Every structure is written in C-alpha cells, then in structure tokens.
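Below, chain A is the first sequence line, B the second, and so on; all start at residue 1. Small disclaimer: the values here were computed from a predicted structure and weren't measured.
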Amino acid sequence: MSDGQTKKKFFYLNRKAPYGTIYALESLEVVLIGAAFEQEVSLGFIDDGVFQLMNNQDAAGTGMKGFSKIYRALGDYEVRKLYVEKESLETRGLSVDDLMPITYEDEDEDYAEKPSIVVVDKAEMAKLIADQDVIMSF
Amino acid sequence: MSDGQTKKKFFYLNRKAPYGTIYALESLEVVLIGAAFEQEVSLGFIDDGVFQLMNNQDAAGTGMKGFSKIYRALGDYEVRKLYVEKESLETRGLSVDDLMPITYEDEDEDYAEKPSIVVVDKAEMAKLIADQDVIMSF
Amino acid sequence: MSTLHTVNKSPYERNAMTSCLGHVSAGDLVLLIEDGVLAARKGGSFAQALNAAKGACKIYVLAPDLAARGIGAGDVLEGVETVDYGGFVDLAASATRVCAWL
Amino acid sequence: MSTLHTVNKSPYERNAMTSCLGHVSAGDLVLLIEDGVLAARKGGSFAQALNAAKGACKIYVLAPDLAARGIGAGDVLEGVETVDYGGFVDLAASATRVCAWL
Amino acid sequence: MRFAIQINEGPYTHQASDTAYQFAKAALEKGHEIFRVFFYHDGVNNGTRYTVPPQDDRNLQKLWSELAEAHKLDLVVCIAAAQRRGILDANEAKRQGKDGDNIAPGFRISGLGQLIEAGIQADRLIVFGD
Amino acid sequence: MRFAIQINEGPYTHQASDTAYQFAKAALEKGHEIFRVFFYHDGVNNGTRYTVPPQDDRNLQKLWSELAEAHKLDLVVCIAAAQRRGILDANEAKRQGKDGDNIAPGFRISGLGQLIEAGIQADRLIVFGD
C-alpha cells in the first residue's frame, strides 16, 4: 500500500449492462460515497460492463432515470482510473470512440484535461485484479 | 383446442437450474395449482432446466428446502407430459438415466405405470412451443 | 399462427437469445427488449446469428431500449426493424402466442 | 499473493465462469459455488475449459451445492477438489483477496 | 384484445416492471383490455407502499397504483410469493400475527389460481422477468 | 481473521443469502470475526420482519437475526437501496411520512459508507449476489 497503512486499493468490477438491471447505477453510488474515504480507487469494465460507458445514452423513452452523466463527473471525485477491456469492446463491435469522453483535471500539470478511460487488454486486466486489496463486484 | 372452448394448452417453459434461483420451485407451485383447472398441461425442460429433474438431489447441506419429490408426484395431479430436450442433456453430459424416474398410472391401460418424461430433440421442442395457447416462462 | 418470442437478455451474458433462435418456427417474430437489444448492434459478434435467423423469422428491436443504451438508429443491424411500446403491443396482438426467453 | 475467484453461475447460462477463467493469474484459486458447480460435472461441455485452467490455478467446488443438484462425488471432474463451507472459509483466508464473478 | 401480464421481478433491480408498465400503458392507449396484472416471484415487491425512491426517479409502485385506478386494472400479488418476501395486506398481517402491513393501494393479494385464470381468460399472456 | 460480507440479493429468489449465511456460520465456528454483513441491492429484502416462509422451509431473516444476536454481528441494510425497495425502520418511517416500518430485529439501516469502511477494516470482503 502506497501511502500509509490505512490506504487500500479498491477495485469496482463492472460486468453488467446498464438499465436492464440496477447494478451499474448502484455500483456508481458506492463509488461516489467511497471517494470520500481517500482510498486508491479504480474501476474495471469487462464484458457487458463496457456498455455502461456508451455515449449518447437517453433513457427517457423507457421511463427510467438516465445516469450516464455521473460517469463524466467522476473526475471531480478524484476517481480517475476507468479501465476498459479491449477484448470486451471488440466482441461487441465497439471502440473507445463509442464511449463517453471522460476526463479529469491533472493538478500536477496545470489542470490539463486528461482522459480517465484507459483501454487495457485482458492480460493487463488480470494483472490489475491481482493487484487489489478489495474487489467489489457488480 | 381439443375439448370444448375453455380448454387451453398450457406450457411451462423451464430453462433454469434449481436452487441457485427459486424459479424452478415457484414454477412447480404454479403447475400444482394449475392442475386443478383442467387445462391441457405440459412442461418443457430446456437448457439448465434439465437439471431440475436430476436424480438424487439432496439440498440438506445448503440449508435450503429440497423439492425434487414434487416432480415425482406430478402424475397424481394429471401432469404427465414432461418434455426434456435431448441437446440440452447432451451438452451437459447427461442422459435420461441421470434423471428421476417420473411415472404416471394410465387409467386406460389398467393403471399401468408409464414414464412421464419424454425426450425430444430441439426441432420437436420448437414444434411443441408453436402448438401452445399459453406459455409461462420461468 | 405464429409466435412472438421476446428476449430481454444480452446474448453476451446469457444464452437466452441463442436458445430462442434455436426454437423458432418459420414465420415467427422475435422482439429484442431491455438488455436483449445489445444483440442488434452492428459489428457485434451475434450479428451473424441474427442475420441467419432473418431467413426464418422477422427480428424486431425496442427503440427506447436502444436509445437508453446509446445505440443509435444507424448502428442497428440491417433488416432489424425498430418498434416502440405500441409496436410491441401490435406484435403481441398479431402473433398467436407470446413466448418469453428469460 | 493469490486471488480466490468465486463463480456462482452456470456456465451454460452465463459467461461468468468463462470470463473468470480468462482473468486468473498463475497460482490463483477458483471456487465454483451455487449454480456454478454445474460446470464441474463430468462429460459436460465446459469440462475442457476447466481442465485447461487447472494448469494455472486450482479449481474447487462446493460439495453441498453439488449434492443439492444431484451431482455425485463420482461425477465430478478429476482434479477438481470438493470443499464444504469451512473449506470455503479457509480458501478465502488463505488467498490475498476474493473476487466474485457474479 | 384482452391481455394478461405477469411480472416476475421487483422494481428498480430489473427493468421488467418498467417494461411491463410501458407495455400496459401502450396497450390501454390502443384500446386493448388488460384482464389482470399478476405479480409473481420478486415481482410481489412492486406492491409495497413503503418504497421511497429518489425524488428525481420514477415511483413504480405509484405508477402502477395510478394506472390501476385510472383503468380499473386488477393488480394481483401472489400470496405464496408474497409470504416469502414480506408483502402483507391487513388480512394477512392479522392471520400471520404481524404488527403491520405494507400493501400499496390498488394491489390485492390472492392465489396462483388468479394467474391460471388470467391465462385462460386473456387472449395473450405476456411474461416480464429476469 | 476478520471478514466482511456483502449480500446483493433478497432471500429465497437467489441462493446468495443462503450461501452467505453458511459461510458466516462456518467462519464463526472456525473462530474468525465477521466485521459486518452489508445488505445491498435486493439484499436489503433480507431485513424485513414481514416474511412468512412456508413452515417446513428455513426462515432466512430469523437465521440472520439469531446469528447476529449470538455473535453480536453488525447487520447493515443500505439506506439508499432500502428506500427504493421499501425497507424502513422507525426513524426512516417517521422521516418519510410512512405509517409503519418493517425492519427485522438485529438489522440496522445505514449508509454506503459502512460498506467502504468494512472494505477498509476487514481482511477480506466476500461478495454474494446474482
């Protein structure tokens, strides 16, 4: 653990599509609350979890509440590492261009806007999982 | 409809394994109640639904209530057509010998015991589906 | 005398759509709803299965569920027709029975 | 420094086990529970995937869940070890972290 | 045409109740009849008046209760499923010795026979679930 | 060793709560500590005292309440998830203007911070769900 004994690496493992079930939304609610605890936080998007980040989501016609804007606000909560699996995107005919632009301001570089989404391959995702202290699965 | 205007063909489509979720048990509860309505009833077991009929189920160690005996009693409720898909069995390494012996007494043949389980292939299962009035999915 | 099959699961997560397409009869209708609409996106690995099924039956997809998931009209597989909830009702009324693949 | 992966879904119904096995690291532990135990039956079409995974990691299956589903000890894939709830606890304690594939 | 609807999942966790509601509304707008809406499995959880969803979100229980009132819909919660999951009306609460009930307006608790009857009486049964 | 448990599904519909219960019991029997059991998503439905399962079946709410009493377990129901699903304690009922509550003995309603804290304080977090 990088910074003192109380800081742990928290990993939110998101494998489900949004809207069909509530897991994506309620996972985000944990991330937002968890941000206040000043742990090392990162999110993994595998399998249908990559659909959570699709651009241009508009849930109005279903009667459900859209929540995709929350992902864009994650940077303000110091949540800046959204790992998206390459193979999961490809299988679904998606590329990173189909996803929302999610950025954060890097205070170390004059608040330059930097992308929060990092595309990793399956082997890198496996390494990320093997490097965590706490994994919350949704 | 074979026998008067009020008799409909009811088909219970079972595609889920027992115990991991409650659908198999609560499907059976519908079948039992439905038996009193004197409709034409048959059950289809496709995909993991075939596991519902496994012989020697013993749920005691999980703390859950076993309910496999209910399938054996279906004959007493005049539920005598349990269609099990051949391809679903094969994919799972199962044969009809792995399933419970489920029988009914045929009043037209001096109450001879006859098997309720009928193994059908996928094409026959599709024809069964196309022949129903009401399909309840679990 | 046709069946309307509804599929509400992502084919990437579950076997519901694959199982459904294996049990359709000629002239049947298949409607993708909820997470089932994910199958209909161009370029996805289930495009081929849906294209193959189009010979025997007609494939529909629920528009509001596509929109919720950020799949634009231009990103839907060719030959798959979008309907709204009223269209869903019409399909259910026009078929002889409805079979849900849950 | 290993991960205990739990899989509680049937591999025939969902992609959870396949996804899990694609993300294990050498020395990891995989425990099949609930409907996940269905993968461990001899002769099933996921036997090969589990056998292939045994090179990198150790595969366990929860005995009470096997019994509930009528899978006898003799019908479990070779090289897959059965444990009870106490064994599950031991596995969770011995690994560095637990990752649930839901 | 006369529809019957079966809902197998609770509100919010799965989209089933949302889709069923939109279907029912569209069917009524087209002049069809909804013979009955039957709540089974976790679907019984649509019928509790104790829910307090976020204010900017839809309130599915209220939507169903209002649709039922406007169109005299028959919303039936399965008694066996409800007992497992803690949905009670005043009668059930009394019978089971519970100190309160949580059934929402416009919902009633009854047996599985109501589902079979819906299958018999309706032209089409549509199932929404997980 | 200190475990924390997260339960994402309600009783009966999914096996998650059963498995979590057996795990917790086995861990306690082995002398481990359960720092907290956190009920999230539909898992909050484990915490209603209104359930009346069939008499020959297990009563999961009671099993949890009894385990909590015997081992001083901290059973926390997520407030946000509970509001969506109709689980209330007396305070929440008053705050939301509801006429009753249904929380079971030994359960308490609190925020998601309790889950994060469990992740920080426990040696292992185990998630049970659908």
Side-chain angles (χ1 to χ4, degrees), chain B residues 1-2 5 7-18 20-28 30 39-52 83-92 94 119-138, chain C residues 1-39 46 48-60 62 65 88-102:
Chain B
M1 283 165 254
S2 61
Q5 292 203 0
K7 212 162 187 172
K8 280 189 171 184
K9 290 184 184 171
F10 273 69
F11 190 70
Y12 295 88
L13 177 54
N14 298 291
R15 293 184 48 249
K16 295 190 174 142
T21 53
I22 202 173
Y23 303 106
L25 169 58
E26 290 193 330
S27 168
L28 264 180
V30 184
Q39 306 294 307
E40 278 190 52
V41 172
S42 57
L43 278 60
F45 295 86
I46 306 183
D47 299 331
D48 282 344
V50 301
F51 283 117
Q52 295 180 22
Y83 295 104
V84 177
E85 187 169 281
K86 184 171 162 281
E87 289 86 346
S88 298
L89 287 172
E90 288 172 355
T91 300
R92 288 156 185 81
L94 303 175
V119 178
V120 297
D121 67 19
K122 199 182 271 197
E124 291 169 304
M125 189 64 85
K127 271 187 203 155
L128 282 166
I129 291 171
D131 188 44
Q132 304 300 322
D133 294 307
V134 181
I135 300 172
M136 297 208 184
S137 305
F138 295 95
Chain C
M1 292 300 287
S2 66
T3 304
L4 170 65
H5 301 267
T6 61
V7 177
N8 72 332
K9 297 301 184 322
S10 162
Y12 302 102
E13 189 198 17
R14 309 221 204 174
N15 73 337
M17 190 189 84
T18 301
S19 193
C20 168
L21 296 182
H23 292 90
V24 291
S25 295
D28 279 357
L29 317 172
V30 175
L31 174 62
L32 307 173
I33 65 172
E34 302 179 357
D35 286 348
V37 305
L38 300 174
F46 283 90
Q48 207 180 346
L50 278 177
N51 280 329
K54 283 189 298 193
C57 52
K58 195 135 181 35
I59 316 280
Y60 301 85
L62 199 56
D65 279 328
F88 184 176
V89 171
D90 293 343
L91 290 173
S94 72
T96 313
R97 70 195 67 75
V98 183
C99 182
W101 296 83
L102 301 176

Minimum heavy-atom distance between [X] and [Y], given as atom pair plus value:
{"X": "S137(B)", "Y": "A100(C)", "answer": "OG-O, 2.6 Å"}
{"X": "R15(B)", "Y": "N15(C)", "answer": "NH2-OD1, 3.1 Å"}
{"X": "H5(C)", "Y": "I129(B)", "answer": "CE1-CG2, 4.3 Å"}

**Asked** Does the side chain to side chain contact (heavy atoms under 4.5 Å, CB included) test come out yes or no for Q132(B) and T3(C), once each step is laid out?
**Response** CA-CA 9 Å; Q132(B) 304 300 322; T3(C) 304; over 6 Å; no
**Prompt:** Side chain, backbone, both or neither: which part of E85(B) has a non-hydrogen atom closer than 4.5 Å to chain C?
**Reply:** side chain
**Item:** Under 4.5 Å from a heavy atom of chain C, the part of I46(B) involved
**Value:**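 The side chain, not the backbone.
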**Message:** Counting only heavy atoms from other residues, nucleotides and ligands, does the tally under 6.0 Å from NZ of K127(B) exceed 12?
**Reply:**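 Open.
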**Prompt:** Quick one: CG on L13(B) to NE2 on H23(C), what's the gap to the nearest 0.5 Å?
**Reply:** 8.5 Å
**Asked** Looking at S19(C), A16(C), S2(C), which has the largest count of heavy-atom pairs under 4.5 Å with chain B?
**Response**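 Going by pairs under 4.5 Å, I would pick S19(C).
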